[in-house]
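Computation of the quantities below employed the complete heavy-atom set of this structure, encompassing side-chain atoms and omitting hydrogens, waters and symmetry-equivalent molecules.
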There are 2 protein chains.
Amino acid sequence: MTKIKDTTEEKILNAAKEVFMKYGLYGARMQDIADIAKINKALLHYYFRSKEKLFDQVFSGALHKYFQQMDVFSDASLPIKERLFKYVDNIFVFLEEYPQMSMFIIKEIGINPDLFKDRVEAIKKNKGVNLIKILDEEIARGNIKKIDTALFWINMHSLCSYPFLAAPLFKHGLKAHHKEWSDYSPVKIKQSVKQFIEKTLSV
Amino acid sequence: MTKIKDTTEEKILNAAKEVFMKYGLYGARMQDIADIAKINKALLHYYFRSKEKLFDQVFSGALHKYFQQMDVFSDASLPIKERLFKYVDNIFVFLEEYPQMSMFIIKEIGINPDLFKDRVEAIKKNKGVNLIKILDEEIARGNIKKIDTALFWINMHSLCSYPFLAAPLFKHGLKAHHKEWSDYSPVKIKQSVKQFIEKTLSV
DNA sequence: AAGTGATATAACCAAATGGTTAAACCAAAG
DNA sequence: CTTTGGTTTAACCATTTGGTTATATCACTT
């Protein structure tokens, strides 16, 4: 499936990703990371000088992947709705692989806002695509309904992300109603997100 | 605003709530809790035997408040849409006071699923209201559109909760578009949730 | 004023944690 | 075979962490 180089460095990074995502910077234990990577704890410091440095690498990678999904918006050749649908597809692929990542990013930013300011500026400049601006332009051209684009953006993301974040809750909640989470995620949810987009944007 | 008894026990619980919500069980430090409560660390153990016990109290309280919102559904005298609107109002009041709580619950359940199984069963039995079942009944009576009720439930919660969870992200993201988070949350978001309910359920 | 029980604190302890070091391993080059 | 370089490990260290204890303080009763 995914490429596995299996170098020591990658084993560490994968283990660190797992542990940091679950417990956050403060809650994570270097020994746990070493155990999962099946290496000696000292190797962590050999490859990444400190816990903070290792965390920084993991967090940067997460943030990069998170914003990478927006690349599809650069493709101005596609009609806006197609781009949005493709974006939703991207998000779902991403969320299925890293269901915890958006929460990880949100949590760590909440704890240490500085992590964000520095890094995001760099990413933003690299991409240079202004998603809400694009939607506003489409409205000006009359291609979509006249809506509050920022609000639409928030709502669309909510519909996509929250089901994955809250999966532990929903899994249990649905079972109480003799329904299975697997029947809902991700196929049906993706459908209903696209429905929401369709209904909200159609003139 | 909220009643403040200001007993030592409450000071500790409030401090613990703050720290546990931010850092989780593993990430939280007893000394931090003591500092915020402005008491000696030993007092923590005097009132609550251990870190786990203190956490348990905080977590139980959070879970209780979280599910308490659903009480409005017991009031069968109101038409279903009124009940849903009232429920949304409740959620927003709750989320404005405890924006981190749903993430706290979700995170801790993800780490330690056992916490959930034991406690939720008790809560569920106390309430005895089956929300999705109520919606299904309303469909049978022809009061609302024939929809997938569980999916509707998930979507509605997503629209309510995620904006609060992801506030740190949105705050920053909106500023980049010269818009302010305060212009969107919570008034406009609540409106659009109710719009979503209206559109989705109307026959 | 003296006694009493609950409340609070400083000082302490053992275990865990992030981090270091010196020595061992091991593949490739000479 | 020996050397050389990067890689890996066991043993260790200083600090932090959750938790305990002995002592002090305070509110209240007698």
Side-chain angles (χ1 to χ4, degrees), chain A residues 3-62 100 104 107-112 114-115, chain B residues 3-62 104 107-112 114-115 118:
Chain A
K3 60 171 178 191
I4 296 172
K5 271 195 192 166
D6 221 35
T7 67
T8 303
E9 201 169 335
E10 292 211 353
K11 279 197 295 181
I12 293 176
L13 271 175
N14 284 332
K17 197 159 74 181
E18 186 182 329
V19 175
F20 279 131
M21 291 237 229
K22 201 166 176 183
Y23 296 102
L25 171 57
Y26 290 119
R29 301 288 130 91
M30 294 296 265
Q31 189 60 61
D32 289 350
I33 296 173
D35 289 346
I36 290 175
K38 280 171 190 152
I39 48 119
N40 189 287
K41 184 165 64 89
L43 260 190
L44 296 179
H45 296 93
Y46 175 75
Y47 281 97
F48 310 85
R49 291 174 49 85
S50 69
K51 190 186 185 186
E52 269 71 24
K53 289 253 171 47
L54 177 55
F55 175 83
D56 205 60
Q57 202 119 334
V58 171
F59 186 75
S60 296
Q100 307 184 71
F104 168 63
K107 261 266 155 187
E108 295 303 325
I109 287 171
I111 289 172
N112 187 356
D114 297 336
L115 277 181
Chain B
K3 60 171 178 188
I4 297 171
K5 272 197 190 163
D6 221 35
T7 67
T8 303
E9 202 170 335
E10 291 208 354
K11 280 197 295 181
I12 293 176
L13 271 175
N14 283 332
K17 197 158 73 179
E18 186 182 328
V19 175
F20 279 131
M21 291 236 229
K22 199 166 177 182
Y23 297 102
L25 172 57
Y26 290 118
R29 301 287 129 91
M30 294 296 265
Q31 190 60 61
D32 290 349
I33 296 173
D35 289 346
I36 290 174
K38 281 169 191 152
I39 49 122
N40 189 285
K41 185 165 62 91
L43 261 191
L44 296 180
H45 295 93
Y46 175 74
Y47 281 97
F48 310 85
R49 292 173 49 86
S50 68
K51 189 188 186 186
E52 268 71 24
K53 288 256 172 45
L54 178 54
F55 175 83
D56 205 59
Q57 202 118 334
V58 171
F59 186 76
S60 297
F104 169 63
K107 260 266 157 189
E108 295 302 325
I109 287 170
I111 289 171
N112 187 356
D114 297 336
L115 277 182
D118 307 342

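Taking the side chain of M30(A) as heavy atoms from C-beta on, and the options dT9(C), dG18(D), dG19(C), the nearest nucleotide is dG19(C). The side chain of A42(B) lies closest to dA10(C), out of dG19(C), dT9(D), dA10(C). In the set dG19(D), dT20(C), dA10(C), dA10(C) carries the atom at the smallest distance from any side-chain atom of N40(B). The side chain of S50(B) has dG19(D) as its nearest neighbour among dT17(D), dA6(C), dG19(D). Comparing atom distances between the K41(B) side chain and each of dG19(C), dA10(C), dG19(D) picks out dG19(D) as nearest. Which of dT9(C), dT9(D), dT7(D) sits closest to the side chain of I39(A) comes down to dT9(D).
As rounded to whole Å, 13 Å separates atom C1' of dT9(D) from atom CG of L44(A). Taking atom NE2 of residue H45(A) and atom P of nucleotide dT20(C), one finds them 6 Å apart after rounding to whole Å. Put simply, NZ on K53(B) is 10 Å from P on dG19(D), counting in whole angstrom units. Spacing between atom CG of L54(B) and atom P of dT17(D) amounts to 16 Å, rounded to whole angstrom units. If you measure from atom CZ of F48(B) to atom C1' of dT20(D), you get 18 Å, rounded to the nearest angstrom. At whole-Å resolution of the value, CD in E9(A) and C1' in dG6(D) are 13 Å apart. Between Q31(A) atom CD and dT9(D) atom P there is a gap of 12 Å when expressed in whole angstrom units. Per the geometry, OH belonging to Y26(A) stands 13 Å off P belonging to dT16(D), to the nearest Å.
Without hydrogens or angle criteria, K53(A) side chain to H45(A) main chain gives no donor-acceptor distance under 3.5 Å.
The residue A34(A) sits apart from the nucleic acid: no heavy atom pair falls under 4.0 Å.
For dT9(C), the OP1/OP2 oxygens have no side-chain nitrogen or oxygen of Y46(B) closer than 4.0 Å. Contact between the side-chain N/O atoms of T8(A) and the OP1/OP2 oxygens of dT7(D) is not found at any separation under 4.0 Å.
Inspection of the N14(A) and E18(A) side chains reveals no N or O donor paired with an N or O acceptor under 3.5 Å.
Residue-environment remark: OH (Y47(A)) exceeds the threshold of 12 foreign heavy atoms within 6.0 Å.
In this structure, K41(A) NZ and I33(A) CD1 are separated by 11.5 Å, a value rounded to the nearest 0.5 Å. Atom-to-atom distance recorded for I12(A):CD1 and L43(A):CG is 5.5 Å, nearest 0.5 angstrom.
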